[in-house]
There are 2 protein chains.
Amino acid sequence: MEDNRLRNQVQFILEVDNLKNVIRRSYLIDAHRKENSAEHSWHVALMVLVFAEYADQPLNSARVIKLLLVHDIVETDAGDTYCYDSNATHNKSEREQKAAQRLFGLLPPDQASRLQELWIEFEARITPESKFARALDCLMPLLHNYYTKGKSWKEHGITADQVIDHTKVIGDISRPLWDFARSTIDDAVAKGYLGKHRALSNPAP
Amino acid sequence: MEDNRLRNQVQFILEVDNLKNVIRRSYLIDAHRKENSAEHSWHVALMVLVFAEYADQPLNSARVIKLLLVHDIVETDAGDTYCYDSNATHNKSEREQKAAQRLFGLLPPDQASRLQELWIEFEARITPESKFARALDCLMPLLHNYYTKGKSWKEHGITADQVIDHTKVIGDISRPLWDFARSTIDDAVAKGYLGKHRALSNPAP
């Protein structure tokens, strides 16, 4: 390989292979193992092809897909941060910034900027595309939890008020998907997959 | 969920979750396990963002990504067919057609057609987008094999002439990527990752 540009691009592709080793909290629908961030990224990008019609405003679905293809790449270095783990989320931004610098920095500068911009757009959640990408990224674990009878929710003692608080961003970009998410959460509570309110571990005297 | 359309779309997304259980022959770059078709689909779709510039003719890279997001979905039912297994490839088409009918058929008819068309386009390899998608789909396992010192090639007794025969389609759409693939294959032979010619199991008398 004589070409430095191509060599650097290949190096990037090889490094992010490790996203296949980053394990999330959600279980596969058949519940036999937890999913990894690479296969999750495929699943949620595919979801765009099927659910784009539910966005409340016009959006560029190809860009939503691109955002989702890169949205978890920083986890290659920084690991997956569980959305309900407040200890881990406090330094998430710093860890992920550092990871983004290193990983996207493997690419030729023009592509490093372009891919990093996709990640920054996803994180900022200002454009309709990034809001919709985030909505699908929240909806997917809801499906995985519901269809595994709340397996991961139960393991981590997650309750409906936490799930609602985390997934309500779906409503910022898609009324129909938020209605669906809400009814799925209600149904999960009714079926006992999900507790209603967080138990007070340190009740006031 | 009152809405049949949404219910059918969710059912499709749940069913294809099983692509995460379809194991390919390639090992991860760290060689500790084989990869599955869902995480491979993410990896190769991401590759478009980095390698699209090497296409020999103008192409719609967003469409290449869409082709790659759906290209292995039929394996959810039909399993992965190893490209060097001539016993398995003979009825591959029939198995995959049946899988496509069932899986895409879970979707509302308009989306079923649209996604099935993506798969048919990928398989037909006539459009520049499908040729490029196929090129990346061939290049990726070459990288996985090379960087695991030919682990999967060795397990299956694969030789350079077979790899060249299988990957030469890269040259139909990208001269630079084919040059790179060729030099990677030569280097793999030089390093002993890959035998040069197939041993004749039934030599002529």
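A note on names: the letters A, B, ... follow the listed sequences, proteins ahead of strands, and every chain is numbered from 1.
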**Asked** Taking A:E35, A:M140, A:E15, A:H144 one by one, which has the highest count of heavy-atom pairs under 4.5 Å against chain B?
**Response** A:H144
**Request:** Compute whether any side-chain donor of one residue and acceptor of the other, for A:E75 and A:S37, lie under 3.5 angstrom apart.
**Result:** yes
**Message:** Using heavy-atom distances under 4.5 Å, tell me whether B:D187 contacts chain A through its side chain, its backbone, both, or neither.
**Reply:** neither
**Request:** Just give me the residue among B:K66, B:R5, B:H40 that pairs up with chain A most often, heavy atom to heavy atom, under 4.5 Å.
**Result:** B:R5
**Message:** Please classify the contact between A:L46 and chain B as side chain, backbone, both or neither, with a heavy-atom cut-off of under 4.5 Å.
**Reply:** both
**Fill in**
Of the listed B:S41, B:A62, B:P176, the one with the largest count of heavy-atom pairs under 4.5 Å with chain A is B:S41
**Item:** Contact origin within A:S61 toward chain B - heavy atom pairs under 4.5 Å
**Value:** side chain
**Request:** Can you label the angle between the B:W119 ring and the B:F104 ring as parallel, tilted or perpendicular, going by 30° and 60°?
**Result:** tilted
**Asked** Of the backbone (N, CA, C, O) and the side chain (C-beta and beyond), which part of B:E53 lies under 4.5 Å from a heavy atom of chain A, both, or neither?
**Response** side chain
**Prompt:** Should the pair A:Y82 and A:Y84 be assigned to parallel (<30°), tilted (30 to 60°) or perpendicular (>60°) ring geometry?
**Reply:** perpendicular
**Asked** Quick one: is the NZ or CZ of A:K149 closer than 6.0 Å to the six-membered ring centre of A:Y193, and within 45° of its axis?
**Response** no
**Asked** Which answer fits A:Q9, side chain, backbone, both or neither, if we ask what part of it has an atom under 4.5 Å from a heavy atom of chain B?
**Response** both
**Prompt:** Quick one: what part of A:R63 sits under 4.5 Å from any heavy atom of chain B, side chain, backbone, both or neither?
**Reply:** neither
**Contact origin within A:L68 toward chain B - heavy atom pairs under 4.5 Å** = neither
**Message:** Tell me the closest heavy-atom pair linking B:N36 and A:R33, and the distance in Å.
**Reply:** ND2-NH2, 3.5 Å
**Message:** Between the side chains of B:R182 and B:D179, is the shortest nitrogen-to-carboxylate-oxygen separation below 4.0 Å, so that they form an ion pair?
**Reply:** no
**Request:** Please state whether the side chain, the backbone, both or neither of A:V48 comes within less than 4.5 Å of a heavy atom of chain B.
**Result:** neither
**Which atoms of A:L139 approach chain B - backbone, side chain, both or neither, heavy atom under 4.5 Å** = neither
**Asked** Salt-bridged, A:R102 to A:D77, with N to O below 4.0 Å?
**Response** yes
**Prompt:** Does A:K92 pair with A:D80 as a salt bridge, N-O distance under 4.0 Å?
**Reply:** no
**Request:** Apply side chain to side chain donor-acceptor pair (under 3.5 Å) to the pair A:K20 and B:H43, showing each step before the final yes or no.
**Result:** CA-CA 9 Å; A:K20 299 168 188 170; B:H43 206 184; 2.8 Å; yes
**Request:** Check whether A:L49 gets within reach of chain B through its side chain, its backbone, both or neither, counting any heavy atom under 4.5 Å.
**Result:** both
**Message:** For chain B, which candidate among A:N21, A:N18, A:L19, A:D30 shows the most heavy-atom pairs at distances under 4.5 Å?
**Reply:** A:N21
